[in-house]
Protein chains: 2
Amino acid sequence: MRWNELKREPCSVARTVSVIGDRWTLLILRDCFLRVRRFEEFQARLGVTRHVLADRLRKLVRAGVLHKVVYQTRPRRFEYRLTDKGLDLHPVLLAVVHWGDVHMSGRRGRPMLHEHLACGHMFDPVMTCSACSQPVDVRAVRLHPGPGAVRRR
Amino acid sequence: MRWNELKREPCSVARTVSVIGDRWTLLILRDCFLRVRRFEEFQARLGVTRHVLADRLRKLVRAGVLHKVVYQTRPRRFEYRLTDKGLDLHPVLLAVVHWGDVHMSGRRGRPMLHEHLACGHMFDPVMTCSACSQPVDVRAVRLHPGPGAVRRR
DNA sequence: TCTAAAGGTTCCCTTTTAGAACTGAGTGGA
DNA sequence: TCCACTCAGTTCTAAAAGGGAACCTTTAGA
């Protein structure tokens, strides 16, 4: 299966993967949330080749996750900023960071701490249920076909 | 930068990406959470080439996300199951699914609904703060270097 | 003996990526 | 005027990864 076929799959994981399911894309987004915005800065921080970086930024813009903003005319230059759609990826990044903190930190401990400005404490992200506000355990979830489901084979 | 260098970066996103930051891996994990366990079943559902599937399963086992369980001797055959470390990826998948539901569903609506057995309602996942239990807004998070941080350049 | 199933491996060819050099618009200084 | 420098890319080549299909191995059953 090729990349382009992925986004047509009747599955939200597949469709999301068609946008962010790539080694570099998630790292670019991490930097976006760290307020990195310019080509050279992404390139220097990530160590990705310029070719691939240009390609990924283009794809993220086309996907509506980033948008280009002119920050200078003469010469005309752009920076890349998260759109609202891009900002909505924050929970994904939080979940990814948390898993890495717990399972990949080594003995030196986690590289970063998150402070919740609303309450002033360092925190870990917790997935909860929008209906009852309790943490969601894997075993307590049952799946049902939704309106966008298709029966197959 | 090569794959193998990623897992040594002092960043939980990079380290997590070194395990799951690949087009197929996230789809394999999706199927794991849907209780798919056998090679042939992954292959049929995903449409990934057998070569790549074998490689990804091997890597996930080495990473401690899946483990092989003998379900039949003569001939000896294995199935792949999520370890506790793998089950801990559930919030990542929930976040990914939710983003896809919101931003990639098209007019037919989401392909799947999640029921929270603890409360009996259909739900969306909500990222909350472990300290105050309130939903976490992007703008309300400040980052600080943790014990595993390194100063650089 | 022949066929079938499960879980891979091997092969060949195409696509993607790494790494480095180059381009092009424009600035600021000598 | 000429030169060096900045930023945001593009171009080039070789190496690595991926797609697609066929093949292999163990065992069961007809």
Side-chain angles (χ1 to χ4, degrees), chain A residues 1-9 14 17-28 31-32 35-63 66-81 153, chain B residues 1-9 14 17-28 31-32 35-63 66-81 153:
Chain A
M1 195 193 294
R2 296 288 166 67
W3 273 106
N4 298 351
E5 305 170 40
L6 258 189
K7 66 167 74 65
R8 277 172 237 122
E9 287 278 298
V17 163
S18 78
V19 177
I20 63 162
D22 160 86
R23 168 156 58 145
W24 291 115
T25 303
L26 267 173
L27 294 173
I28 290 168
D31 277 7
C32 290
R35 295 175 175 70
V36 173
R37 303 206 225 271
R38 299 188 187 172
F39 192 92
E40 296 294 326
E41 203 181 351
F42 284 114
Q43 210 274 316
R45 289 174 50 95
L46 296 173
V48 60
T49 64
R50 307 174 73 78
H51 180 74
V52 170
L53 176 59
D55 178 73
R56 295 303 185 278
L57 289 172
R58 205 161 27 232
K59 282 180 178 160
L60 286 170
V61 169
R62 256 192 258 126
L66 300 180
H67 62 136
K68 285 173 93 160
V69 179
V70 175
Y71 71 90
Q72 167 185 300
T73 45
R74 344 201 48 79
R76 195 175 170 78
R77 290 195 182 134
F78 304 92
E79 53 185 25
Y80 295 88
R81 291 179 184 242
R153 302 209 173 86
Chain B
M1 196 192 295
R2 296 288 165 66
W3 272 106
N4 297 353
E5 306 171 40
L6 257 190
K7 67 168 74 64
R8 279 172 236 124
E9 287 278 299
V17 163
S18 77
V19 178
I20 63 162
D22 160 87
R23 169 156 54 146
W24 290 115
T25 302
L26 267 173
L27 294 173
I28 290 169
D31 278 6
C32 290
R35 294 177 176 67
V36 173
R37 303 208 225 270
R38 299 189 186 173
F39 191 94
E40 296 294 326
E41 203 181 352
F42 285 114
Q43 209 275 316
R45 290 174 49 95
L46 296 173
V48 61
T49 62
R50 308 172 72 78
H51 180 73
V52 171
L53 177 59
D55 178 72
R56 294 305 185 278
L57 289 172
R58 204 161 28 231
K59 282 179 179 160
L60 286 170
V61 169
R62 256 192 258 127
L66 300 181
H67 62 137
K68 284 173 94 160
V69 179
V70 175
Y71 72 89
Q72 168 185 299
T73 45
R74 343 201 50 76
R76 194 174 170 77
R77 291 199 178 133
F78 306 93
E79 53 186 23
Y80 295 89
R81 291 180 184 241
R153 303 214 172 83

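Numbers restart at 1 for each chain; the letters A, B, ... are given by sequence-line order, proteins then strands.
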**Message:** What I'd like to find out is whether the side chain of A:I28 reaches to under 4.5 Å of the side chain of A:V48, using heavy atoms alone.
**Reply:** no
**B:L53 CG - D:dA17 C1' separation (whole Å)** = 16 Å
**Complete:** Looking only at C:dT17, D:dG18, D:dA8, the nucleotide nearest the B:V52 side chain is D:dG18
**Prompt:** Reckon A:W24 has a side-chain N or O less than 4.0 Å from the OP1 or OP2 of C:dT16?
**Reply:** no
**Message:** When you measure from the side chain of B:Q72 to the backbone of B:P75, do you find a donor-acceptor pair of N or O atoms at a distance under 3.5 Å?
**Reply:** yes
**Fill in**
Result for 5'-nearest mapping on DNA chain D, choosing between A:F39 and B:K59, is A:F39
**Item:** For atom CG of A:D55 and atom P of C:dT16, their distance in whole Å
**Value:** 9 Å
**Message:** Between A:E40 (side chain only) and A:Q43 (backbone N and O only), is there a donor and an acceptor less than 3.5 Å apart?
**Reply:** no
**Item:** side-chain N/O B:Y80 vs C:dA6 OP1/OP2, d < 4.0 Å
**Value:** no
**Message:** When you measure from the side-chain N and O atoms of A:R56 to the phosphate of C:dT16, is any distance below 4.0 Å, counting only OP1 and OP2?
**Reply:** no
**Asked** How many Å lie between CD on A:E41 and C1' on D:dT6, as a whole number?
**Response** 14 Å
**Item:** Which atom of B:F39 lies closest to which atom of B:L53, heavy atoms considered
**Value:** O-CD2, 3.5 Å
**Item:** Distance in angstrom units between B:Q72 CD and D:dG29 C1', rounded
**Value:** 13 Å
**Item:** Spacing of A:Q43 atom CD relative to D:dG9 atom P, expressed in whole Å
**Value:** 12 Å
**Request:** In whole angstrom, give the distance that lies between atom CG of B:L46 and atom P of C:dG7.
**Result:** 14 Å
**Fill in**
When rounded to whole Å, the CG to P distance for the pair B:L27 and D:dG18 reads 13 Å
**Request:** With B:R56 as the cation and B:F42 as the aromatic partner, state whether NZ or CZ is under 6.0 Å from the six-membered ring centre and within 45° of the axis.
**Result:** no
**Option passing side-chain contact (heavy atoms from CB on, under 4.5 Å) with A:V70 (candidates A:R76, A:R77, A:E79)** = A:R76
**Request:** Name the closest nucleotide to the A:A54 side chain, picking from D:dG9, C:dA6, D:dG19.
**Result:** D:dG9
**Message:** For a quick test of reading the model: is some side-chain N or O of A:R58 closer than 4.0 Å to OP1 or OP2 of D:dT10?
**Reply:** yes
**Request:** Flag the pair A:Y80 / A:K68 as yes when at least one side-chain heavy-atom distance between them is below 4.5 Å, and no otherwise.
**Result:** yes
**Request:** Take nucleotides 21-27 of chain D nucleotide by nucleotide from the 5' end and write B, S or -, depending on whether a protein heavy atom sits under 4.0 Å from the base, only from the sugar-phosphate, or from neither.
**Result:** -B---BS
**Request:** Provide, to the nearest angstrom, the distance between the OH atom belonging to A:Y71 and the P atom belonging to C:dG26.
**Result:** 14 Å
**Asked** Under 4.0 Å between a side-chain N or O of A:R37 and OP1 or OP2 of D:dC7?
**Response** no
